Amino acid sequence: MDVVKTRWYKDTFVYQIYPRSFYDSNGDGMGDIKGIIQKLDYLKELGIGAVWLSPCYKSPNADNGYDISDYRDIMDEFGTLEDWKEMVDGMHKRGIKLIMDLVVNHTSDEHEWFIKSRSSVDNPYRDYYIWRKGKGKGGKRPPNNWTSRFGGSAWEYDEATGEWYLHLFNKKQPDLNWDNPKVRKEVVDIVKYWLDLGCDGFRCDVINYIGKADGLPNGLHLPAMRGDEHFTCHEKMHGYLHQLNKDAFSKYDIMTVGEGPGVNIKEGLLMTAEDREELDTVFHFEHVESDMILRLIPKKRMNLPKLKKIFTRWQDAMRGKSWNSLYYENHDQFRSLGRFTGDYGQLRTEAAKMLAISIYFQQGTPYVYQGQEIGMTNYPFKDWEDFDDVLAKTVYGIVEKLPKVIQNYALKVMIKRARDHARTPMQWSSDTNAGFTKGATPWLSINPNYKQINVEQAMQDKDSIWHFYKKLIAYRKGNEIIKQGTYLESYPKHKDLYCYERGYNGEVLVVVCNFKNKEVDFTLPSHISFYTNKLIFHNYNYDRANLESMRLRPYEAMVFHLNAKD
Ligand code: NOJ
């Protein structure tokens, strides 16, 4: 009997597009919607079933579109609503669904609601946002000690009315007040607007921050994340999501995935369990924070047992109750090559394929971030002025007043983990500007390795990462073992190997990954016995005859299909 309730997103590979870096059709140095339209055949050929499009709405771009000034129209730099409609049509004709980014924890300070809200204390829109009087004499100190996720206080003083407003991100991203039913109704209307226009779901930006504790009490944590225990997955959030689901999501055949920084398994299940009717799935951060100190500072080395433990815990916990999201990369994370593999030297292709095998045979909806399918790498940033991201700029604004040693340390951290690593333009070919734009200077520098790493080259080379992804995406589609099968990890404490099995109706997939740039011995776990076995994925080009015991090459990874003996 099938254990998994059928919904289309359970069988769909999702490709994330960061529009300003994808493809520039008009030569202004910035990607746009017409650029996406020109690349739809590329996406179809790769075989993906849905696109998650980072925000393309009107925005002054304090945070590259995650600060929206009009939820019902398209950013000038990206095109028009007509272009958007053409893009959705083009996607649907090719069997590709569109997931839009729903950014409703905050708006832009240039949204008309906020302009009205800040105009006077008794404006009807005042209560759309979170305004408070300050502390101390004349109210010149912030109302509480919460800090912005980008650094510094989460409050901004507004001279006009002598009060402070809350912004958990940049000061140009004021937080909406979800306690106000009018705000919740506005969000329902925005959601329906896009669904009626033909979009197929939403990735809900920092949706687990929408409920703030009554009274906005001070936080206890270190300055960098202070206050988060009062707004990360607050119980009010569950009620708001349930209502949004009832009033909007549930009326359409769509998928929703909530971005959830700080979401643990308990909360992840509450947000996504099918019978609770909130969201379908969630992006937790535990694995992409497993190599971080205090969720912020990258460690020297990734700890494989820790990473595996997180994968296994989520696989076990969600099975039969909810549904996982499988990702290593997105526009906020530095690239996975190097990060989860250590120094890969000449073995970029092998390492990238190994990472793909390690995650995409798990249960859940798989995501690939633009450029990951050709093994794009981090950018060689050197100094503060190389960064574009508001996060890097905010950190610089804070440390520039501090002693040089702190500045240098912060720079070292930023060079390693800057969000800009993932945002450099897509490398389409070895032509000028990597074929990303025909005109002006690209909005962000192109990685100098584009002559070797680009789509054109990857599509010509049948052994490329790109072809490996294409094969894997095709294999995964409709595969009941991956969709429904049990998950069992072996050797959880092994420092170099990740080994797991998926089993369904007497068939088993055995996944073996050497995460290290060195040879490692492997023995098939003794509980596995089989009649037949077939090597179906391998990142090296030779056969593996004896799977009982083998010495794996650096980054060697493979998947065997077995007909099991019970
Ligand atoms: C999460 C988004 O992914 C990130 O890019 C953005 O800066 C914050 N939310 C604020 O919207």
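Bear in mind the structure is a predicted one, so any value in this text is a computation, not a measurement. Below, all heavy atoms of this structure are taken into account, side chains as well, without hydrogens, waters or symmetry copies. Whatever order the structure lists them in is the order used to number ligands and atoms, beginning at 1.
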Taking only residues at least two apart or on different chains, which pairs with a member in residues 216-226 satisfy side chain to side chain donor-acceptor pair (under 3.5 Å)?
His221-Asp228

Would you mind checking which non-hydrogen protein atom is closest to atom 11 (O) of ligand 1, with the distance to 0.1 Å?
Asp205 OD2, 2.7 Å

Specify side chain, backbone, both or neither for Arg423, according to which of its non-hydrogen atoms lie closer than 4.0 Å to ligand 1.
side chain

For ligand 1, is any non-hydrogen atom under 4.0 Å from Phe283's backbone (N, CA, C, O), its side chain (CB onward), both, or neither?
neither

Salt-bridge present (Glu77, Arg20; N to O < 4.0 Å):
no

Can you say whether the rings of Phe114 and Tyr165 are parallel (under 30°), tilted (30 to 60°) or perpendicular (over 60°)?
perpendicular

Got the closest protein heavy atom to atom 8 (C) of ligand 1, with its distance?
Phe169 CE2, 3.8 Å

Element-labelled atoms of ligand 1 that are located less than 4.0 Å from some non-hydrogen atom of Asp332
1 (C), 2 (C), 3 (O), 4 (C), 5 (O)

for atom 7 (O) of ligand 1, nearest protein heavy atom and its distance come out as Asp63 OD2, 2.5 Å

Please state whether the rings of His331 and Tyr18 are parallel, tilted or perpendicular, taking 30° and 60° as the class boundaries.
parallel

Side-chain contact, heavy-atom cut-off 4.5 Å: Lys212 with Asp175?
yes

Salt bridge (charged side-chain N to carboxylate O under 4.0 Å, His left out) against Arg419, all qualifying residues, sequence neighbours excluded:
Asp63, Asp332, Asp389

Run Gln333 and Arg339 through side-chain hydrogen bond (donor to acceptor under 3.5 Å, both in side chains) and show every step you take.
CA-CA 10 Å; Gln333 301 293 328; Arg339 175 177 190 178; 2.8 Å; yes

Indicate, as side chain, backbone, both or neither, the part of His106 found under 4.0 angstrom from ligand 1 when only non-hydrogen atoms are considered.
side chain

Yes or no: does Arg419 have any heavy atom under 4.0 Å from an atom of ligand 1?
yes

Which atoms from ligand 1 have a heavy atom of Glu259 less than 4.0 Å away?
1 (C), 3 (O), 9 (N)

